[in-house]
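The next block holds one structure in the form of structure tokens; read it before the comments.
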Number of protein chains: 2
Amino acid sequence: MSQLKFRRLPKHIGIIPDGNRRWAVQNGLPKEAGYEKGLEPGLRLYEICKSIGIKELTFYGFTQDNTKRPSVQRIAFQQACIKAVNMFVNKDGSLLVIGDFYSPLFPPELIPYTKRRTFGNDAIRINFLVNYGWKWDLNHLTNYDSTSDNISTRNFLESIASADISRVDLIIRWGGRRRLSGFLPVQSIYADFYVVDELWPDFRPEHLYDALNWYETQDITLGG
Amino acid sequence: MSQLKFRRLPKHIGIIPDGNRRWAVQNGLPKEAGYEKGLEPGLRLYEICKSIGIKELTFYGFTQDNTKRPSVQRIAFQQACIKAVNMFVNKDGSLLVIGDFYSPLFPPELIPYTKRRTFGNDAIRINFLVNYGWKWDLNHLTNYDSTSDNISTRNFLESIASADISRVDLIIRWGGRRRLSGFLPVQSIYADFYVVDELWPDFRPEHLYDALNWYETQDITLGG
């Protein structure tokens, strides 16, 4: 399988699994039925990433902005996120859920994973953004004591709510839209952004291989 | 000119004028000679944007990360930024330069524009990011008093260094790279991102028209 040989892999891949509602509509289902169809693709993608040696994977679950949608949809994506996280319990990796867990919109079932937990072989970090908000994340900076020392990247990055999530090298977004929609703004500063036109429930491994092949052709300068 | 009829225009366009050094190399010039070739494209782009009714335009000048490059390059892009800003003095619009102006790397010639100044007809806001850093920008949040009131978007956005720059609707990046490279992370949260493969010194108006035609086909959800 030539597509599985990579010269240079991203350490950390961000996944924006967009298009569940559009997929449902295209398939004659109510919009909220689309989220459930996103579970199995997530597991397949994880298995491939683990097998090729990706070190960290962050899934965009739902955001605080998303919770303004009709409640039938909100309940459906909350339930899908609970199932998604539970799929990874007892699978190899260390699991972390990041989001505003003081809010009633955060599924209580996921509270145990708001501290990183390791299962089996610790080779890959799996992060889920659940009831995540970029404002919520950055707002933790307001508690940062800027007078105590010089602002180094290290201190700064340790002061946001998502401090346990590292810099993202590659973001792959399904569903054709070319925007970040608030996905980890600090970690995504220098991330390369790859868009798959197909909708997330139509995930195929080739999407990931194409993104990784493209990533190999990108230079990494970090502004230098 | 059919390409100048748009149903829906972005209010605010961010411009990442990348590829000056690659253009210089391709044309047998030293890398640092490329920046000067980016001036005239900026003026042409401004004239088109003004004529079609764009309300705000932000140019990515240089970042604090960029200043780590060889000094001959650094001096060249600093000089190009001084010339670029001066091109807009006395042209219609209100002009603002945003960046860390306490640093010796900030060109002193541009200090007068670190407060917004209006020339002629005030129809378009023109922002330049000069010695800008996303960390520098967000770091102003550490001075934000989160205890005084609830965190509303309004207060939050007023507390970053670039508070006078509004939300970006469309980012156009020349030079083929698909990343934000630290461009206004807060204002770019929901920006649609369009990449032109040609290098910035090879700017043609069609690049802008293509981006605007593409932008019309995008939905605006802001996560809802």
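In what follows, every chain begins at residue 1, and chains take the letters A, B, ... in the order their sequences are listed.
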Carboxylate-amine/guanidinium proximity below 4.0 Å for A:Arg178 and B:Asp192: no
Among A:Ala191, A:Ser188, A:Gly176, residue most engaged with chain B (heavy-atom pairs, under 4.5 Å): A:Ala191
A:Leu138/B:Val186 under side chain to side chain contact (heavy atoms under 4.5 Å, CB included): CA gap, chis, key distance, verdict: CA-CA 9 Å; A:Leu138 296 182; B:Val186 164; 3.9 Å; yes
Contact check, side chains of A:Pro185 and B:Ile189, non-hydrogen atoms, under 4.5 Å: yes
Side chains of B:Tyr190 and A:Asp65 in contact at under 4.5 Å (non-hydrogen atoms): yes
Interface moiety of B:Arg74 toward chain A, non-hydrogen atoms closer than 4.5 Å: neither
A:Asp219/B:Arg179 salt bridge by N-O under 4.0 Å criterion: yes
Residue selection (most heavy-atom pairs with chain B, distance under 4.5 Å) from A:Gln218, A:Lys68, A:Gln73, A:Arg69: A:Arg69
